[in-house]
Q: 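If you scroll down you'll find the structure; I have some questions about it.
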Amino acid sequence: TVDATTLDVSGICAGYGSVPVLHDVSIKVEPGSVVTLIGANGAGKSTLLKVVGGLIQSTGGSVAFNGTDCTRRRPDQMVRAGLGIVPEGRRLFGEMTLRENLELGAYARTDRQNIAHDFERVLGLFPELRDRLSTQAKSFSGGQQQMVAIARALMGAPKLLLLDEPTIGLAPVVVDRVAALIREISELGVDILLIEQNAEVALSIADFGYVLENGRVVMADKAEALLANPQVRLAYLGV
Ligand code: ATP
């Protein structure tokens, strides 16, 4: 049997109040893949993430997750169904320690017996954090905070991880580290939807990409094809 498409967003329309933002947006994440959604500031990328995460309601279209219709589910239902979100700006609990932040990431799990094992496994991905479990989250550097946010989402044992601009504001060497981590996480069997303004990085990590402009998908192709596409290069890569 063929695995169900991990995420199948079909014909989504959504906005804020009476202001429409997304128009008939369709994207898919197939099992085992890293998919990126790129587009300029204001194109509607975060709005799509909020629709998938159940944080805002769509006015049309559907969202299927692991073959189950999840249109207009609540955020906690999406988390329980296996969705992990790393929001823009990280939203860590700054006064809490790294250990407490990671423990909170597991709040919705019912398989409590696997949490200790996953705690070790997640820390294995982030050697730079291992010795700092008692440090308050707010004391970490920007790059480390991004890693804490990713680690916290992984503690929910997600099937799909949504990352909203994980490289924004990071130094180039840290961007490379986060990019390598995303590939590593994918190889562990977590599917990835990566939202990025940094098209160069996103397309070099991803298998497949979508370009969003003014709330519409205007291109969809293998990431390497998009990287080589002259229109994409001109509009998003500055070359
Ligand atoms: P960014 O990279 O800045 O996050 P984006 O592609 O994610 O950009 P969105 O944040 O989805 O874009 O915003 C798309 C449009 O929706 C913009 O015109 C924005 O002004 C509008 N918008 C976003 N959030 C709200 C909100 N809470 N209320 C009203 N309008 C909003």
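Note: hydrogens, waters and symmetry copies are ignored here, and every other heavy atom, side chains too, is used. Note that ligands are numbered from 1 as they come in the structure, with each ligand's atoms numbered from 1 the same way.
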Q: Just to be sure I understand the cut-off, which residues have at least one non-hydrogen atom under 4.0 angstrom from an atom of ligand 1?
A: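 Heavy-atom contacts below 4.0 Å: Tyr16, Val21, Ala40, Asn41, Gly42, Ala43, Gly44, Lys45, Ser46, Thr47, Glu88, Glu165, Gln197.
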
Q: What pairs meet the salt bridge (charged side-chain N to carboxylate O under 4.0 Å, His left out) rule with one or both residues in residues 102-128, with sequence neighbours excluded?
A: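 Output for this query lists Arg109-Asp111, Arg109-Asp118, Asp118-Arg121, Glu120-Arg130, Glu128-Arg177.
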
Q: Could you tell me whether the side chain of Asn101 and the main chain of Phe93 form a donor-acceptor pair under 3.5 Å?
A: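 Side chain of Asn101 to backbone of Phe93, a donor-acceptor pair under 3.5 Å: yes, one is there.
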
Q: Checking Ser10 side chain against Ser26 main chain: does a donor-acceptor pair fall under 3.5 Å?
A: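 Between the backbone of Ser26 and the side chain of Ser10 there is no qualifying donor-acceptor contact (under 3.5 Å).
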
Q: Taking all atoms of both residues into account, what is the closest heavy-atom pair of Val63 and Thr71, and its distance?
A: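 So the two residues come closest at N-OG1, 3.0 Å.
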
Q: Salt bridge or not between Asp164 and Lys50? Use side-chain N to carboxylate O under 4.0 Å.
A: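 Salt bridge absent between Asp164 and Lys50.
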
Q: Under 4.0 Å between a Lys/Arg side-chain N and an Asp/Glu carboxylate O for Asp24 and Arg216?
A: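 A salt bridge is absent here (no side-chain N lies under 4.0 Å from a carboxylate O).
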
